[in-house]
Structure formats: C-alpha cells, structure tokens
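Structure record follows, encoded as structure tokens.
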Amino acid sequence: MKFELQHTDSASDARTGIITTDHGQIKTPIFMPVGTCGTVKGVHFEELRKQVKAQIILGNTYHLYLRPGLDVLRKAGGLHQFNTWDRPILTDSGGFQVFSLTGIRKLTEAGCEFRSHIDGSKHIFTPENVMDTERVIGADIMMAFDECPPGNSDYNYAKKSLGLTQRWLDRCIKRFNETEPLYGYQQSLFPIVQGCTYKDLRREAAKFVADKGADGNAIGGLAVGEPTEVMYEMIEVVNEILPKDKPRYLMGVGTPQNILEAIERGVDMFDCVMPTRNGRNAMLFTYNGTMNMRNKKWEDDFSPIDADGCDIDRLHTKAYLHHLFKAQELLAMQIASIHNLAFYLRLVTDARRHIEQGDFVQWKAGVIDNLSRRV
C-alpha cells in the first residue's frame, strides 16, 4: 500500500492524499461505510458505487469469523469474491466487538476467550489467529488485535490495558510477517493507538506505534463515553507523534461535526455505523441539520429529500419518505441509509476540495453549526 500526501492546509493540520491498494485508489479524507457482516445494511453494492460513491468499505472480523465462517470465505476466495465488492476493504480485528461482550469474555495474556452472541459457543481470539483470520477474509487493510478499554477506565487499568495491547501488537506484526496473502494481492497491517483519555499513555502508545513503521496507523478507544472535547484533545496529542507520511484512521467516529473537527486535526480515514443506523430510524443528516422523517411536518412537503444530494435524494420527496416510514416500508430505511451515506461521502469530498483550495477552516466554520441543528 502506498500513501501520497497531496495538500496540507496552511491554517490547520487538515490534509489530502491518495492511498493506493491493489483494489484501487482511495482519496483522503475518506469516510468508509461499515459492512459488518459483508454487507452495508440495507444498501446494495451498486448503490454504494453509484449513489454513495464509496471508495472503500469495512468488514468485521468478529462477525465474519462467526458467520459465514472461515471455511466458506476461504472457498469463496476471500470477502471480495464472496460479496463481489471490487474496491478496497478494511477489516477491524474484532477487538472492539470483544470489548462489547463484557460479562461473556475473559482477557488473558494469550488472548480473549468469549462466547458467541449467536449461539453461546466458546471461542478464543489471539493476536496470531486474528492475523490468520484477516488473511482468510482478505481485506486490503488489516487491523491489529487490541483491547479497547472503557472510556472511563481509571489510570491503572488503562496503563495495564495499553501494555497488553502493545505486547499483542508485537505478536500481530510477527505473525503478519510470517504469513503471506492468500489471494494474490497485498495486504497492509495497521496498528492501533490506545491509552484512554490519559495524555502520557496516548503519547507512549503513539510513539510505540510510530516506531513500527507500518503502512498506516489507527487511533482507537475514542467515542466510547468520553466528552467530545477530550476526544479532540487526544487526537491532537496522538497526531503530533504519528508520522505525517502515513494515513491516520480514527476508528468508529462519528457525527458530521466530529469528522470535520478530526479532519482539521490531521485525520484521514473514518468509519461509523451512524449513517445507516440513524437512517434506519428515520434521521437524515444534511448541511441544514438533521431531519426526523417521521415528523408530521414532512407529510405534505413535496420538495426533494435533498436538492443537492444524490440521485435518489432528488428523485423522491420528503412527503414520500415520510409516508414510507409511517407505513413501515423497508424502502424507507434503504432510501434513508443511502442518503446518509452519500451525505457523509459528500462531506469528506467537500472537505477535500476546500483543503485543496486553501479555505478549509473558513468553510468548516460556515457549515459546522448548522450540521447539528434540528430542522
């Protein structure tokens, strides 16, 4: 994988670049739709290509490991062949999902024992077998196996957790270097910076990760309960240390405002379930603010969903989408999900253009307040 830094903003740390993988190029900053089980919920891949204009999607190691399972994925020739997505894919390591299973998991130095949320069966993830699993899935970008501690962890727990994540990273790198891609194209491994909300731990983690010389680096363990301003502070602390010539991926974040603030602080890659999850619950994101499409005010509003949005936004009216949600039609969730994903991609594309033009900070200041208001 190659990363070419193209433009830097003179008034902030915002930048643009191009990531080149064997499945195509990714223009940064970029938002990556989450395809947990090998699909982005409710959105066909043709819509992801044409309407959303997605350049890369995510798969989830934990979910794909459990279902359809590694045998099926290996026989299919990897996730690209299985789901027919011909552009880049990133897989997380399952660390966050395992973290979410508090009560049915057990952490040890060896790895993490857990029970499946599907049938209660017992499994173990180790740095080694997670690397093997991500090889079988075949993503262009693989994430290292880490522990994602709660955002309110005390200092001693956070320090102990970081030490475990760092030892696991060394084992991930060793296993990654000992193995080869299975399907004839290259894969990259991204380490993850942890450390909760403690500046010294974040600095230690960022230095540890930067010294590995990986193709790119991720910032994890944020947007898990800490105040928003603290999240922004941690991003600044980490990005002072992470190499500027490698892409920086902020995991699981977030709202449109979060994304613009993080771009200003030098982040290149984002993912979040919010566009599709909120869309399925009738919330649309727009430059004018958020819209609850179940509200009666849209009942006879025959203007386009978003006159500046994707084709589907311009084809259908607010009144029609309101009707679909009231009637509990599946099409409502599909249209809303496509709209929100297309808006997120439009947001980062617009950010890229304004970084190139040299007026990113002014543009951001002009749009960010409206993004959070309710229409």
Going by salt bridge (charged side-chain N to carboxylate O under 4.0 Å, His left out), name the pairs with one or both residues in residues 58-83, residues two or more places apart or in two chains.
none
Test your reading of the model: is there a side-chain donor-acceptor pair from Asn60 to the backbone of Cys37, 3.5 Å cut-off?
no
Should we count CZ of Arg277 as having more than 12 external heavy atoms under 6.0 Å?
no
Passes side chain to side chain donor-acceptor pair (under 3.5 Å), Gln334 versus Arg280? Steps please.
CA-CA 7 Å; Gln334 183 182 29; Arg280 294 193 303 275; over 6 Å; no
Please check: side-chain N/O of Thr165 versus main-chain N/O of Glu147, any donor-acceptor pairing under 3.5 Å?
yes
Would you say the side-chain atoms of Arg248 pair up with the backbone N or O of Leu242, donor to acceptor, closer than 3.5 Å?
yes
Please list, chain by chain and in numerical order, all residues satisfying salt bridge (Lys or Arg N to Asp or Glu O under 4.0 Å) with Lys106, sequence neighbours excluded.
none
Donor-acceptor pair, distance only, cut-off 3.5 Å: does the side chain of Gln186 make one with the backbone of Asp22?
no
Could you check whether atom CG of Leu330 has more than 12 heavy atoms from other residues, nucleotides or ligands sitting under 6.0 Å from it?
no
Could you state whether Leu315 and Met333 fall into the same hydrophobic cluster, counting links through intermediate Ile, Leu, Val, Met, Phe, Trp or Tyr residues with side-chain heavy atoms under 4.5 angstrom apart?
no
When you measure from the side chain of Arg373 to the backbone of Asn288, do you find a donor-acceptor pair of N or O atoms at a distance under 3.5 Å?
yes
When the ring centroid of Tyr62 is compared with that of His123, is the distance short of 6.0 Å?
no
Pair Phe125 + Tyr65: ring centers closer than 6.0 Å
yes
List in chain and number order the residues that pass ring pair (Phe, Tyr, Trp, His ring centres under 6.0 Å) with His80, two or more places apart in sequence or in another chain; answer none if no residue qualifies.
His23, Tyr185
Neighbour count above 12 (heavy atom, 6.0 Å) for Glu180 CD
no
Give the intermediate values and the outcome of ring-ring contact (aromatic ring centres under 6.0 Å, His included) for residues His117 and His63.
CA-CA 10 Å; His117 72 287; His63 289 278; 5.3 Å; yes
Would you say Ile219 and Val230 are hydrophobically clustered, going by side-chain heavy atoms of ILVMFWY under 4.5 Å?
yes
Any ion pair linking Arg171 and Glu128 (charged N to carboxylate O, less than 4.0 Å)?
yes
Are Tyr249 and Phe270 an aromatic pair, judged by ring center distance below 6.0 Å?
no
Has Trp85 got a side-chain atom pairing as donor or acceptor with Thr39's backbone, closer than 3.5 angstrom?
no
Is there side-chain contact between Phe208 and Pro191, with at least one heavy-atom pair below 4.5 Å?
no
Hits for salt bridge (Lys or Arg N to Asp or Glu O under 4.0 Å) against Asp350, two or more places apart or cross-chain, chain-then-number order -> Arg353
Parallel, tilted or perpendicular: which fits the ring planes of Phe360 and Trp363, with parallel below 30° and perpendicular above 60°?
tilted
Passing candidate, side-chain contact (heavy atoms from CB on, under 4.5 Å) with Ile89, options Ile137, Leu79, Ile141, Ile56:
Leu79
Any chance you could pull the hydrophobic cluster mates of Leu201, using side-chain heavy atoms under 4.5 angstrom and chaining through other members?
Tyr155, Leu162, Tyr198
Salt bridge (Lys or Arg N to Asp or Glu O under 4.0 Å) filter on Lys199, not counting sequence neighbours, yields Glu233
Kindly work out whether a path of hydrophobic side-chain contacts (I/L/V/M/F/W/Y, heavy atoms less than 4.5 Å apart) joins Leu284 to Val375.
yes
Sequence neighbours excluded, the answer for ring pair (Phe, Tyr, Trp, His ring centres under 6.0 Å) partners of Tyr183 is none
Whether Asn129 side chain and Thr126 backbone form a donor-acceptor pair below 3.5 Å
yes
Output yes when a side-chain donor or acceptor of Asp146 lies under 3.5 Å from a complementary backbone atom of Cys148, and no otherwise.
no
Kindly indicate whether the side chain of Arg203, heavy atoms from C-beta on, has any atom under 4.5 Å from the side chain of Ile241.
yes
Suppose we screen for salt bridge (Lys or Arg N to Asp or Glu O under 4.0 Å). Which residues come up paired with Glu46, at least two apart in sequence or across chains?
Arg49, Lys50
So salt bridge (charged side-chain N to carboxylate O under 4.0 Å, His left out) across residues 208-230, not counting sequence neighbours, yields Asp170-Lys212, Lys207-Asp211
Candidates Glu134, Gln187, Arg135 - the one meeting side chain to side chain donor-acceptor pair (under 3.5 Å) with Thr179:
Arg135
Would you say CZ of Phe82 has more than 12 non-hydrogen atoms from neighbouring residues, nucleotides or ligands within 6.0 angstrom?
no
Going by the rule side chain to side chain donor-acceptor pair (under 3.5 Å), which residues pair with Lys296 if we only count those two or more places apart in sequence or in a different chain?
Glu299
Is Arg202 reaching over with its side chain to a backbone N or O of Cys196, donor-acceptor style, under 3.5 angstrom?
yes
Residue pairs passing the salt bridge (charged side-chain N to carboxylate O under 4.0 Å, His left out) test with at least one member in residues 3-17, sequence neighbours excluded, are Arg15-Asp268
Are more than 12 heavy atoms from other residues, nucleotides or ligands located less than 6.0 Å from atom CD of Gln328?
no
Quick check on the hydrophobic clustering: are Met231 and Val237 connected, directly or via other members, by side-chain heavy-atom contacts under 4.5 Å?
no
Determine which pairs satisfy salt bridge (charged side-chain N to carboxylate O under 4.0 Å, His left out) with at least one residue from residues 310-324, sequence neighbours left out, and list them in order.
Asp311-Arg314
Does any N or O in the side chain of Asn258 come within less than 3.5 Å of the main-chain N or O of Thr255, such that one atom is a donor and the other an acceptor?
yes
Please check if Met293 and Phe302 belong to a single hydrophobic cluster, counting links between Ile, Leu, Val, Met, Phe, Trp and Tyr side chain heavy atoms closer than 4.5 Å.
no
